[in-house]
Amino acid sequence: MNTAEAKMQGKTLVVSGATRGIGKAILYKFAQNGVNVAFTYHKNEEEALKIATEVHELYGIKAKPYRLDILEPEQYVELFKQIDTDFERVDCFVSNAIIYGRSVVGGFAPFMRLKPKGLNNIYTATVLAFVVGAQEAAKRMKLVGGGAIVSLSSTGNLVYMPNYAGHGNSKNAVETMVKYAATDLGEFGIRVNAVSGGPIDTDALKAFPDYAEIKQKVAEQSPLKRMGNPTDLAGAVYFLCDPTQSAWVTGQTIVVDGGTTFK
Ligand SMILES: NC(=O)c1ccc[n+]([C@@H]2O[C@H](COP(=O)([O-])OP(=O)(O)OC[C@H]3O[C@@H](n4cnc5c(N)ncnc54)[C@H](OP(=O)(O)O)[C@@H]3O)[C@@H](O)[C@H]2O)c1
């Protein structure tokens with residue numbers, strides 16, 4: 001085992017929305033490196049339990065799923081109390097879960113069809129969920145002398161994506177919130193950053209009406225000539241949580257977009 005692995009082994013990650021896509025890839029990346037994982041699901045309890053059993057058997061770490069609805073950010077308060085009873089410490093928090101479907105009606109739409117309710121839902125699930133989750137995590141990180149917080153973001157706040165105004169604006173807002181959190185929490189040894197992804201092949205992207213078109217365009221646009229995978233973002237998140245790799249990185253957004261944003 002190298003020193004970096006040793007530094008992360010026995011720590012605890014809390015990650016939201018880890019039953020699928022990017023959250024699941026993050027969970028596996030940390031578990032492979034000996035990190036215990038408290039993770040959330042929304043509806044997919046069966047898959048969550050399957051994942052918890054699998055990573056325990058494969059990597060010998062502790063993994064436990066909890067139900068969370070990010071449209072009710074205050075649920076994080078109770079959730080962290082449960083985590084306190086199940087885990088010894090909290091070292092890393094990743095705000096990853098995302099809403100789509102009915103709750104984004106009026107938020108995922110062309111500009112002239114945007115509605116306050118849909119936009120508010122996206123803001124709640126993206127920014128307010130990050131704020132409450134990060135506050136609860138930071139209280140625990142202070143007890144162990146520091147930690148790392150990461151929010152997922154997306155390059156839909158840098159380049160136009162059809163229907164993406166609600167998400168793009170909220171991702172902009174969460175990146176700004178990350179900088180404020182980083183500034184206020186630095187004195188406690190807590191670093192706060194964001195990872196902003198270009199389009200990644202997940203269920204959330206499949207919910208876009210123009211999914212096939214986006215997929216083809218991204219592969220054409222990227223100098224690397226392929227679509228992004230969940231594991232492409234998991235590495236950047238792990239880097240930001242590992243103090244042996246990123247001890248002086250805080251208040252930043254790392255863009256992982258396969259080079260698509262420039263083109
Ligand atoms: N896909 C992309 O192109 C892309 C690009 C850049 C950044 N991102 C960001 O990466 C993050 C993850 O996206 P993804 O594409 O990996 O999503 P995904 O594969 O669709 O997974 C979404 C996750 O969120 C959970 N979830 C859904 N509704 C929820 C709710 N109301 N409350 C709590 N959890 C809920 C789901 O749980 P259940 O399975 O239990 O329903 C699932 O675990 C998001 O923040 C997204 O903005 C995505």
Side-chain angles (χ1 to χ4, degrees), residues 14-29 37 39-52 65-76 79 93-104 107-108 118 121-130 132-133 150-159 161-164 166-175 177-178 194-208 210-211 213-215 217-219 222 226-234 236-237 253-258 260-261:
V14 179
V15 53
S16 66
T19 47
R20 290 185 265 150
I22 295 158
K24 186 174 177 180
I26 292 168
L27 185 158
Y28 274 78
K29 176 83 186 169
V37 207
F39 66 103
T40 77
Y41 64 94
H42 182 229
K43 294 199 168 143
N44 236 330
E45 184 177 19
E46 203 180 315
E47 177 65 9
L49 291 167
K50 206 174 108 194
I51 290 170
Y66 304 84
R67 191 178 181 280
L68 171 75
D69 184 355
I70 46 169
L71 283 169
E72 303 286 343
E74 297 293 340
Q75 285 184 6
Y76 265 121
L79 170 69
F93 170 64
V94 178
S95 181
N96 165 80
I98 185 174
I99 53 161
Y100 42 88
R102 281 187 61 183
S103 50
V104 301
F108 183 81
N121 279 350
I122 295 173
Y123 186 84
T124 299
T126 307
V127 185
L128 305 186
F130 165 77
V132 184
V150 177
S151 175
L152 267 293
S153 184
S154 97
T155 55
N157 63 2
L158 300 174
V159 290
M161 284 181 71
N163 304 310
Y164 203 74
H167 289 286
N169 270 281
S170 286
K171 292 300 194 190
N172 240 349
V174 85
E175 287 182 27
M177 194 62 84
V178 157
V195 170
S196 174
I200 306 284
D201 206 351
T202 66
D203 289 348
L205 198 72
K206 289 189 180 95
F208 283 44
D210 49 351
Y211 165 70
E213 207 180 300
I214 296 177
K215 209 175 157 177
K217 201 170 149 203
V218 171
S222 170
R226 69 166 173 87
M227 182 78 180
N229 296 315
T231 50
D232 291 322
L233 295 196
V237 172
T253 295
I254 296 186
V255 176
V256 182
D257 67 347
T260 52
T261 309

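Just so it is clear, the values below take in all heavy atoms, side chains as well, and ignore hydrogens, waters and symmetry mates. Atoms within each ligand, like the ligands themselves, are counted from 1 in listed order.
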- Message: Parallel, tilted or perpendicular, judged at 30° and 60°: which one describes the rings of Phe108 and Phe208?
- Response: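 Phe108 vs Phe208 ring planes: perpendicular.
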- Query: What residues, two or more places apart in sequence or in another chain, satisfy ring-ring contact (aromatic ring centres under 6.0 Å, His included) together with Tyr41?
  - Reply: none
- Message: Using the salt bridge (charged side-chain N to carboxylate O under 4.0 Å, His left out) criterion, which residues pair with Lys217? Sequence neighbours excluded.
- Response: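 Listed in chain order: nothing, the list is empty.
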- Of all residues at least two apart in sequence or in a different chain, which pass the salt bridge (charged side-chain N to carboxylate O under 4.0 Å, His left out) check with Lys24? Glu47
- Query: Going from CG on Leu205 to OH on Tyr211, what distance comes out if it is rounded to the nearest 0.5 angstrom?
  - Reply: 6.5 Å
- Task: To the nearest 0.5 Å, tell me how far Arg67 CZ sits from Leu79 CG.
- Result: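 Going from the CZ atom of Arg67 to the CG atom of Leu79 covers 11.5 Å.
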Anything under 3.5 Å between an N or O on ligand 1 and a protein N or O? List each pair with its distance, or write none.
from     : atom 1 : to     : atom 2 : distance (Å)
ligand 1 : 1 (N)  : Ile200 : O      : 3.2
ligand 1 : 1 (N)  : Thr202 : OG1    : 2.9
ligand 1 : 3 (O)  : Ile200 : N      : 2.7
ligand 1 : 3 (O)  : Ile200 : O      : 3.2
ligand 1 : 15 (O) : Thr202 : OG1    : 2.4
ligand 1 : 16 (O) : Ile22  : N      : 2.8
ligand 1 : 20 (O) : Tyr100 : OH     : 2.8
ligand 1 : 20 (O) : Ala204 : N      : 3.1
ligand 1 : 28 (N) : Ile98  : O      : 3.4
ligand 1 : 31 (N) : Asp69  : OD1    : 2.9
ligand 1 : 32 (N) : Leu68  : O      : 3.3
ligand 1 : 32 (N) : Ile70  : N      : 2.8
ligand 1 : 37 (O) : Thr19  : OG1    : 3.3
ligand 1 : 39 (O) : Thr19  : OG1    : 2.6
ligand 1 : 39 (O) : Arg20  : NE     : 2.9
ligand 1 : 39 (O) : Arg20  : NH2    : 3.0
ligand 1 : 39 (O) : Asn44  : ND2    : 3.2
ligand 1 : 40 (O) : His42  : N      : 2.8
ligand 1 : 40 (O) : Lys43  : N      : 2.8
ligand 1 : 40 (O) : Asn44  : N      : 2.8
ligand 1 : 41 (O) : Arg20  : NH2    : 2.9
ligand 1 : 43 (O) : Gly17  : O      : 3.2
ligand 1 : 43 (O) : Thr19  : N      : 3.4
ligand 1 : 43 (O) : Thr19  : OG1    : 2.6
ligand 1 : 45 (O) : Asn96  : O      : 2.8
ligand 1 : 45 (O) : Lys171 : NZ     : 3.0
ligand 1 : 47 (O) : Lys171 : NZ     : 2.9

